[in-house]
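Numbering of residues begins at 1 and proceeds along the displayed sequence.
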Amino acid sequence: MNQLAINEKVGPNYKLLELTGDITAYTLSDLQEKMYQYILETNVVLDMAQVSSMDGSGVGSVLATINDGDENGTKLFIMNPSDSAHEALTRTGFWSSFHVIHAITEVSDS
């Protein structure tokens, strides 16, 4: 089982979480805590380029964070999802619900 490394960066209207490793029920707690805390304050960007796998728990947390953002006027952005992350998110049937970006300059408040 791989771990999940989280590297945080702060921008003018977002917090960027660069993720490396597996997003699973076993590795999710730290990420989940950060997403839920930050989405109340600002936009959150998950850089998923280095995500090696993602299970249903990870997808569920991302969807819950999107809903929390909608309630608070903030957004969760998915940046550069790896093939594994893209496949997991697509399987939900909610792909169109995700704000997918390719560069941090695409983060907007609207």
Chemist: Spell out, as yes or no, whether a donor-acceptor pair under 3.5 Å connects the side chain of Ser53 to the backbone of Asp22.
Modeler: no
Chemist: So, for Val59 and Met54, which heavy atoms are closest and what is the spacing to 0.1 Å?
Modeler: N-CE, 3.7 Å
Chemist: Between the side chain of Glu106 and the main-chain N/O of Ala103, is any donor-acceptor distance below 3.5 Å?
Modeler: yes
Chemist: Would you give the length of the straight line joining atom CD1 of Ile23 to atom OG of Ser57, rounded to the nearest 0.5 angstrom?
Modeler: 11.0 Å
Chemist: Say you draw a straight line from CG of Asp83 to OG1 of Thr90; how long is it, rounded to the nearest 0.5 Å?
Modeler: 10.0 Å
Chemist: Hey, does the side chain of Thr65 reach the backbone of Tyr36 with a donor-acceptor pair shorter than 3.5 angstrom?
Modeler: no
Chemist: If you compare all heavy atoms of Val44 against all heavy atoms of Tyr38, which two are closest, and at what distance to 0.1 Å?
Modeler: CG2-CB, 3.7 Å
Chemist: What is the distance from atom CD of Gln3 to atom OG1 of Thr20, rounded to the nearest 0.5 Å?
Modeler: 12.5 Å
Chemist: Run the side-chain contact (heavy atoms from CB on, under 4.5 Å) check on Leu4 and Asp30 step by step: do they pass?
Modeler: CA-CA 9 Å; Leu4 177 64; Asp30 193 31; over 6 Å; no
Chemist: Is any side-chain heavy atom of Ile6 closer than 4.5 Å to one of Leu31?
Modeler: yes
Chemist: Do any N or O atoms from the side chain of Asn43 and from the backbone of Val45 form a donor-acceptor pair under 3.5 angstrom?
Modeler: no
Chemist: How long is the gap from CE on Met48 to CG on Leu19, to the nearest 0.5 Å?
Modeler: 6.0 Å
Chemist: What distance separates Leu17 CG from Met79 CE, expressed to the nearest 0.5 Å?
Modeler: 10.5 Å
Chemist: If we ignore hydrogens and angles and just use 3.5 Å, is the side chain of Asn7 paired with the main-chain N or O of Glu18 as donor and acceptor?
Modeler: no
Chemist: Check whether any side-chain N or O of Thr74 sits under 3.5 Å from a backbone N or O of Ile39 as a donor-acceptor pair, and report yes or no.
Modeler: yes
Chemist: Between Thr27 (side chain) and Thr24 (backbone), is there a donor-acceptor pair under 3.5 Å?
Modeler: yes
Chemist: Any donor and acceptor pair, going by atom type alone, linking the side chain of Ser82 with main-chain N or O of Val51 inside 3.5 Å?
Modeler: yes
Chemist: Minimum heavy-atom separation for Ser61 and Gln32, please, with both atom names.
Modeler: OG-NE2, 3.0 Å
Chemist: Drop me the distance from Ile78's CD1 to His102's NE2, to the nearest 0.5 angstrom.
Modeler: 12.0 Å
Chemist: Give a yes or no on whether the backbone of Gly58 and the side-chain of Asp55 come within a donor-acceptor separation of less than 3.5 Å.
Modeler: yes
Chemist: Could you tell me whether Lys34 and Glu8 make a salt bridge, using a distance below 4.0 angstrom between a side-chain N and a carboxylate O?
Modeler: yes
Chemist: Please verify the inter-ring angle class for His99 with Phe77; under 30° counts as parallel, over 60° as perpendicular, anything in between as tilted.
Modeler: tilted
Chemist: For Phe98, which of Leu76, Ile66, Leu46 qualifies under side-chain contact (heavy atoms from CB on, under 4.5 Å)?
Modeler: Ile66
